[in-house]
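Letters go in sequence order (proteins before strands), and every chain restarts at 1.
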2 protein chains.
Amino acid sequence: MATILDIARLSGVSKSTVSRVINNHPHVSEDSRKRVMKAIEELSFVRNARGVHLRIKSTNTIGVTIPVLDHPYFSPLVSKIAEKCRKAGYKIVIFQTYYSIDEEYEIYEKLTENELDAVIITHTLLSEEEIKQRVGDKIVMVCNEPLQTGCLDVFSLNESEAVYSATRYLLKEGRNYLLFCADEERTPLQQQRWEGFVQAHLDLNKTCTIQQKISGYSTIEEGIILGDEIFLDKSNYDGILAGSDFLAVGLLTSAKKHGVSVPKELSIIGFDNHPICLTTFPALSSIQNQTEMMVNDLVTCLLDRLGQKKFSTIRRVYKGELIIRGT
Amino acid sequence: MATILDIARLSGVSKSTVSRVINNHPHVSEDSRKRVMKAIEELSFVRNARGVHLRIKSTNTIGVTIPVLDHPYFSPLVSKIAEKCRKAGYKIVIFQTYYSIDEEYEIYEKLTENELDAVIITHTLLSEEEIKQRVGDKIVMVCNEPLQTGCLDVFSLNESEAVYSATRYLLKEGRNYLLFCADEERTPLQQQRWEGFVQAHLDLNKTCTIQQKISGYSTIEEGIILGDEIFLDKSNYDGILAGSDFLAVGLLTSAKKHGVSVPKELSIIGFDNHPICLTTFPALSSIQNQTEMMVNDLVTCLLDRLGQKKFSTIRRVYKGELIIRGT
DNA sequence: CTGAAAGCGCTAACAT
DNA sequence: ATGTTAGCGCTTTCAG
């Protein structure tokens, strides 16, 4: 592996000049430049990023977390974030956390150890305070997870309101015994959703117990499995709030199999308004959120932070919209 | 930001000893260790990875490419790869290529510039030779893309055979005019699939023209759009080989909408055997591949390469299986 | 068990 | 326009 020193020697100039050429600095004679380029070619030199990073104290890289790569909601979300950051000239790398605290720790470590210039987290099992304490004055931005202590910049959706309106809708439609399905119940997001669910019941003078909540299901397969359990003994649920559209589709598939008629006997509402909603019969009702705007604002804010602008932490919440289709 | 020098000074030892403590080296007195730990605590020191990387000439990081994050086939695939590598003690980072050659170049650059110890590519628009020429003796492994010139280690699926058997099946069932849908037709993978399609026709003495091939569709939405075009003017296709299950589901949705009866008038076969196959009515026929085994073998091989073992390039192909359901 | 010293590859004042 | 020099933060011989 040739280094700039090798290039310098071969082309008869100094390291500095080589560096100038590599980085397209002005004030290099055409002659020197040519000789350097030739040497680079000959030795097939490539810059060693490790040296650069140490020297310039930056890696121009932003980390983005995702619970698991293969996720119908988070994949498109992170994809959007990534695209925006790239356009702003940053390299972006994606980390899976597997809903694990230890994985999260590792990412914050990468940040504090300077492998990353900033990280964007799309979900977390930690409190804002703990994150803040771990990363100090390094930049971390929260996307999608509704944290609210103001330690970090957070851009999130109004989860409780979305669920509230969906729940209220179902109850007003005459549904009496609803099931609430959470994905990973430990996150603040899921807690907010549950609160919306409970609040809607309260406001309409309906009772609602913790029995109506079930956690840990999110995929199509899991929806089918869960449905097979629920519908086998002819449950008395007449409405389900699924934590994701995929889960909802799995439930719907199972309901059909067990002869439960949707929406006659059972109503189902999904989450995220994924295109899959259009493929079922009847088409799946769902909740759509303004993720696009959320991502735009977040990245704008991030760039300001990276540009050393000073301002107090930002917290912005985006509204959801209930989309009623056939289920 | 405190450095080991600060720690050394505060604890009254040398940089070397601090380094030994940080890295859990033996031969450090209990006393020194304690003083160093105390200083680390006091100054809330964290190691700067940039210095480490430069010094140890490694980042312990493996890059994995994915065309786009939000992809029903690649997401689970990359997820599996990532998990295996992590278990082997490597950090892994994921890069989106957006089916763009320039993005690919950037990743190879990261490899040659030593930001990465190895990269695994799950698809490519380049030839093996060009990749090899760009990365030299750095490690790049190919997963899923059926390259065959032997410059690199490649682990791939037998795409042509899978499509061949599906096509043959449809033709034998009496279907006469099939449509072949490719995702991104420039890749070798898609070319192999097309070859399988053509070969099956040849072997059964059927004609087949380039008109029967269509490219650039892969999502549910695109399936619906494509279906809306095809079924509007009552096409005479009586069978479709969709490049992915999601595309197939979109097509199926559109077919229903236009009153095209499946499987009576039209047969559809998807690809990848995603759980979504179970959610349609009739359930979607598809092609299942041995991705699990492919990933295992690939990572094993990668670890050998990283462990400096010498052996000539490996090329392994895994068989697919046609799964006939209702469509 | 510990410290001194060299050096990984690069950039950027500063001087000329 | 170019070279000299210092140094980013760390690990690792080598000597003691």
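One finds a side-chain N or O of Lys57(B) lying less than 4.0 angstrom from the OP1 or OP2 phosphate oxygen of dG9(C). Note on Asn23(B): a side-chain N or O is less than 4.0 Å away from OP1 or OP2 of dT11(D).
Taking CG of Leu69(A) as the start and NE2 of His71(B) as the end, the distance is 12.0 Å to the nearest 0.5 Å. In this structure, the separation between OG1 on Thr300(B) and CZ on Phe155(B) is 8.0 Å, given to the nearest 0.5 Å. The distance from the OH atom of Tyr99(A) to the CG atom of Asp183(A) is 4.0 Å, given to the nearest 0.5 Å.
When Leu111(A), Ile139(A), Ile62(A) are each tested for a side chain to side chain contact (heavy atoms under 4.5 Å, CB included) with Leu116(A), only one passes: Leu111(A). When Thr149(B), Leu152(B), Asp153(B), Val154(B) are each tested for a side chain to side chain contact (heavy atoms under 4.5 Å, CB included) with Arg315(B), only one passes: Val154(B).
Within the 3.5 Å criterion, the main-chain N or O of Pro67(B) finds no donor-acceptor partner in the side chain of Gln96(B).
Taking atom CG of residue Leu5(B) and atom P of nucleotide dA4(C), one finds them 11 Å apart after rounding to whole Å. As rounded to whole Å, 13 Å separates atom C1' of dG7(D) from atom CD1 of Ile4(A). Counting to the nearest Å, the P atom of dC1(C) and the CZ atom of Arg35(B) are 15 Å from each other. Leu43(B) places its CG atom 14 Å from the P atom of dG9(D), with the value rounded to the nearest Å. Rounded to whole Å, the distance from CG on Leu54(B) to C1' on dT11(C) is 13 Å. Regarding Ile56(B), its CD1 atom lies at a distance of 13 Å from the P atom of dT13(D), rounded to whole Å. Going from atom CD of Glu115(B) over to atom P of dG9(C) covers 15 Å, rounded to whole Å. Rounded to whole Å, the distance from CG on Asn48(B) to C1' on dG7(D) is 14 Å.
Contact annotation: the side chain of Val317(A) never approaches that of Leu157(A) to less than 4.5 Å [non-hydrogen atoms, C-beta and beyond].
Mapping Arg50(B) and His25(B) onto DNA chain D by nearest heavy atom places Arg50(B) at the nucleotide closer to the 5' end.
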Short heteroatom pairs, N/O only, protein and nucleotides 2-6 of chain D, under 3.5 Å:
residue	atom	partner	partner atom	Å
dT2(D)	OP1	Ser29(A)	OG	2.7
dT2(D)	OP1	Ser32(A)	OG	2.6
dT2(D)	OP2	Ser29(A)	N	2.6
dT2(D)	OP2	Ser29(A)	OG	3.2
dT2(D)	OP2	Ser32(A)	OG	3.2
dG3(D)	OP2	Ser14(A)	N	2.7
dG3(D)	OP2	Ser14(A)	OG	3.1
dG3(D)	OP2	Thr17(A)	OG1	2.9
dG3(D)	O6	Arg20(A)	NH2	2.6
dT4(D)	O4	Ser16(A)	OG	2.7

